[in-house]
Every structure is written in structure tokens, then in C-alpha cells.
S.K.: 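What follows is a structure written as C-alpha cells; I'll ask about it next.
Just so you know, these numbers use all the heavy atoms, side chains as well, and skip hydrogens, waters and symmetry mates. One-based numbering, in listed order, for ligands and for the atoms of each. Numbers here simply count residues along the sequence, with the first being 1.
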Amino acid sequence: MFDTLTDSFKNAIGKIRFHDDEKALKKATDELKKSLLKADVHHKVVKELIKAVELDTKKNGIGKEQFMAALQKELTDILTIEGAPKGFTFASKPPTVVLMIGLQGSGKTTTTGKLAYFLKEQKKKKVLVIAADLQRLAAVEQLKQITSQIEVDLVADENASPETIVKQGLEKAQKELYDVVLIDTAGRLAIDEELMDELARVKEVAEPDELFYVADAMTGQDAVRTAQTFKEKIGITGVVLSKFDGDSKGGVALGLSEQVGAPLRFIGAGEKMPDLEQFIPDRIVSRLMG
Ligand code: GDP
């Protein structure tokens, strides 16, 4: 999944030996910089990371071990938002309500299904999905198919307003003791006032514990910019990066949390329901470092 990044770290680490001097360190960080930029990591994130790794390594005596430890620490720092939850966390009082937001075509509806499947199969939770994307009628049909395939309950009514359907769904969830409620909301091809107003109204009714922004990894830095706007206007507690199986270079995942100011919580890498993985910074960094 992170082949480009893993290779780039191995290359950089390979350039440095025990008791090397600053010249060797420079060679290693130059290599690291080149490959990170090639993997599509934002240049500001690269600059910060390199500077911190250089400083850390020098402080502890230049060598492979020190370089690896510095890289591991800085990567973990860059992926972690202080005090923010990692992976999926449950509200202290059920149901945990999650609002799924994002642009049309980002993979929001598919990701809602994948998340429902993950919670049901891996966390053994009782999950309710609410179809509140009433802009794209095919989305309701798509959710009907997905939820019946994974055997998760769905609340849908093409004739209701998004706010009404959310209210109905939440009442059902309270009464029937669901653990988690996932709300699929409307998207547009681009951000517009109408979309933001609708989302703000749905958010008010839903009072969500989590606002998951679904970002299409294939759109690279555009995904980051759109996420920043959603965060400003609606709020985001986590990002789910979809379509990571495409020709995504992986770098966007590395800079995203820091750039958006909200943690990356899940990665989607395929169209099937099990193709979703929790993004836990320490675990991902261990994998990246090989
Ligand atoms: P929405 O408009 O945001 O609800 O987007 P959809 O959920 O309908 O997804 C748009 C397209 O992207 C569909 O063809 C999905 O099958 C596809 N898709 C969603 N997630 C992924 C993913 O992780 N990998 C791949 N390859 N395709 C995906």
C-alpha cells in the first residue's frame, strides 16, 4: 500500500552508516527529500520533516540507528494530532453518531458501507445507516444494495428532507439501542453554498460525535485543499482517504493530518466492503520503516 514511501525510506537509510559525518547525513536527507517530493508529499511538510530529522540525528550522534530513530519519531509526530482519537472511537454514551461528508464521487457512499461492515464484523457492533444523500437519488439505491449485502439496517425515504430522515433514524437508534449510526450526506462536484448550508442543517439535527471527511486520494493535494474548506465551514474530526489502491503515490497520506489539522482515521483501498483499514500512526510508521 505504501510501496513508494517504504522504498524511499529504505534508500535514505541505506545511505548512512555508523560514525558517518555530516556529509553522509546530508546525502541521506537529500535522498529522503527527493523521494518524498516524488511521492507527492507537500513541500512544506517535507521541509519540516527533513529539518527535524537532521537536528535529531545530529543531537544523538550521526549514525544509522540515530537516523532511523529520528525518522521514526518525526513521522509519528507528523501523523499524530495531539489529543485526537486514532482509528474508530466510541462515544461514552451510545449511539456513536458519525456524519460522513465529502464531495460527490469521492467514495462517500461506498466508504459508509465499508465502515458499517468494519464496525459490524470487527467490533461486533449494532450499526444503523441513514441515507441522507437525497441530492443523488442513485445514492439511496446504492446504499440499499450495500446495506442488504452486508446485512446492516438502513433508514431511507426518498421523499423526506435530509433533516427529517436523520431525525427519524436517530429516534429509531435510541429506541432500538443501536451502537453506531452512520449518516451518508449529500455531496457536490465542487463546494458550494447550498451544499454547506444543507450540511450545517443536518449537522445541527444529528449532533454528531464524529465528522468524517471522505477524500479521494487520487486527487492528491486537491483533496487536502477541499478538506481544509470543509473543516473551516462544517468541521472535521477525522479524514478517510479513499481510492488509495489507485495510482496514489502515498505521500498525500503522510502530510494530510498536519495540513488539514484533523487526523487521518481510515484508508480505503478497493471497491469491496472489507477494503478499509484503520489508520493508527505508530502501526503505519512501523510498516513504513520496514
Ligand atoms: P460518492 O458520490 O462520494 O458517494 O461516491 P461513491 O461511493 O459512489 O464512489 C464513487 C466511485 O468510486 C464508485 O465507483 C466506487 O466503487 C469507487 N470507489 C470508492 N472507494 C474506492 C476505493 O477505495 N478504491 C477504488 N478503486 N474505488 C473506490
S.K.: Need the ligand 1 atom indices (1-based, order shown) with element for anything under 4.0 Å from a heavy-atom of R136.
M.R.: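 Ligand 1 atoms under the 4.0 Å threshold to R136: 1 (P), 2 (O), 4 (O), 8 (O).
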S.K.: Between R283 and Q278, do the side chains contain a donor N or O and an acceptor N or O under 3.5 Å apart?
M.R.: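 Per modelled atom types, Q278 and R283 side chains form no pair under 3.5 Å.
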S.K.: Looking only at side chains, do T96 and D209 share a donor and an acceptor under 3.5 Å apart?
M.R.: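 No pair is found: no donor N or O on one side chain lies under 3.5 Å from an acceptor on the other.
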S.K.: Tell me, which protein residue and heavy-atom name are nearest atom 18 (N) of ligand 1, and how many Å apart are they?
M.R.: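 Sorting protein heavy atoms by distance from atom 18 (N) of ligand 1 puts K243 CE, 3.9 Å first.
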S.K.: For atom 20 (N) of ligand 1, which protein heavy atom lies nearest, and how many Å away is it?
M.R.: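 Heavy-atom neighbour on the protein nearest atom 20 (N) of ligand 1: K114 NZ, 3.9 Å.
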S.K.: Any atoms of ligand 1 less than 4.0 Å from a non-hydrogen atom of Q104? List them with their elements.
M.R.: 2 (O)
S.K.: Salt-bridge test for K27 and D30: reply yes if a basic N is under 4.0 Å from a carboxylate O, no otherwise.
M.R.: no
S.K.: Is A139 touching ligand 1 with its side chain, its backbone, both, or neither, if touching means heavy atoms under 4.0 Å apart?
M.R.: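 For A139, there is no contact with ligand 1 at all, from either part.
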S.K.: Under 4.0 Å from a heavy atom of G268: which atoms of ligand 1 are those, numbered in the order shown and with their elements?
M.R.: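 In order of number, 23 (O).
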S.K.: Hey, is K108 close enough to D184 for a salt bridge, meaning N to O under 4.0 Å?
M.R.: yes
S.K.: Quick check: closest heavy atoms across G270 and K114, and the distance to 0.1 Å?
M.R.: O-NZ, 2.6 Å
S.K.: Between ligand 1 and G102, can you find any atom pair, the residue atom being a heavy atom, that is separated by under 4.0 Å?
M.R.: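 Outside the 4.0 Å threshold, so no.
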S.K.: Going by side-chain contact (heavy atoms from CB on, under 4.5 Å), L99 matches just one of I183, L182, I130, V166. Which one?
M.R.: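 Considering I183, L182, I130, V166, a side-chain contact (heavy atoms from CB on, under 4.5 Å) with L99 is found only for I183.
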S.K.: Give the intermediate values and the outcome of side-chain contact (heavy atoms from CB on, under 4.5 Å) for residues V224 and V260.
M.R.: CA-CA 7 Å; V224 175; V260 178; 4.1 Å; yes
S.K.: Given side-chain contact (heavy atoms from CB on, under 4.5 Å), test Q72 with S286 step by step and report yes or no.
M.R.: CA-CA 8 Å; Q72 183 145 12; S286 299; 4.3 Å; yes
S.K.: Do E198 and Q135 pair up side chain to side chain, a donor and an acceptor below 3.5 Å, judged on atom types alone?
M.R.: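 Present: a donor and an acceptor within the cut-off.
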S.K.: Mind checking whether T110 has an N or O less than 3.5 Å away from an N or O of ligand 1?
M.R.: yes
S.K.: Identify, for atom 2 (O) of ligand 1, the protein heavy atom at the shortest distance, and state residue, atom and that distance.
M.R.: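 Its nearest protein heavy-atom neighbour is G105 N, 2.7 Å.
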S.K.: So, 4.0 Å and heavy atoms of G187: is ligand 1 close enough to count as a contact?
M.R.: no
S.K.: Looking only at protein heavy atoms, which one is nearest to atom 17 (C) of ligand 1, and what is the separation?
M.R.: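 Checking every protein heavy atom, the shortest distance to atom 17 (C) of ligand 1 gives E271 OE1, 4.0 Å.
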S.K.: Check for me whether K125 meets the cation-pi criterion with F90, that is, NZ or CZ under 6.0 Å from the six-membered ring centre and within 45 degrees of the ring axis.
M.R.: yes
S.K.: If you measure every N or O of Q142 against every N or O of ligand 1, does any of those distances drop under 3.5 Å?
M.R.: yes
S.K.: What is the closest protein heavy atom to atom 5 (O) of ligand 1, and at what distance does it sit?
M.R.: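 Answer for atom 5 (O) of ligand 1: G107 N, 3.1 Å.
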S.K.: In the protein, which heavy atom is nearest to atom 4 (O) of ligand 1, and how far is it?
M.R.: T109 OG1, 2.7 Å
S.K.: Does the distance from a Lys or Arg side-chain N to an Asp or Glu carboxylate O, for E158 and K144, drop under 4.0 Å?
M.R.: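 Salt bridge between E158 and K144, a charged N being under 4.0 Å from a carboxylate O: yes.
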S.K.: Under 4.0 Å, heavy atoms only, figure out whether ligand 1 is touched by the backbone of D245, its side chain, both or neither.
M.R.: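 The answer is the side chain.
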S.K.: Counting both backbone and side chain atoms, is some N or O of F244 under 3.5 Å from an N or O of ligand 1?
M.R.: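 No, since none of the N or O atoms of F244 sits under 3.5 Å from an N or O of ligand 1.
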S.K.: State if S106 counts as touching ligand 1 under the rule of any non-hydrogen atom under 4.0 Å.
M.R.: yes
S.K.: May I ask you to identify the nearest protein heavy atom to atom 3 (O) of ligand 1, giving residue, atom name and distance to one decimal place in Å?
M.R.: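 I find the closest protein heavy atom is K108 N, 2.8 Å.
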S.K.: Any heavy-atom pair between the side chains of L115 and F266 that's under 4.5 Å?
M.R.: yes
S.K.: Starting from atom 22 (C) of ligand 1, what is the nearest protein heavy atom, named by residue and atom, and what distance separates them?
M.R.: G270 O, 3.1 Å
S.K.: Can L103 be said to touch ligand 1, with heavy atoms closer than 4.0 Å?
M.R.: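 For ligand 1, residue contact (heavy atoms, under 4.0 Å) with L103 is present.
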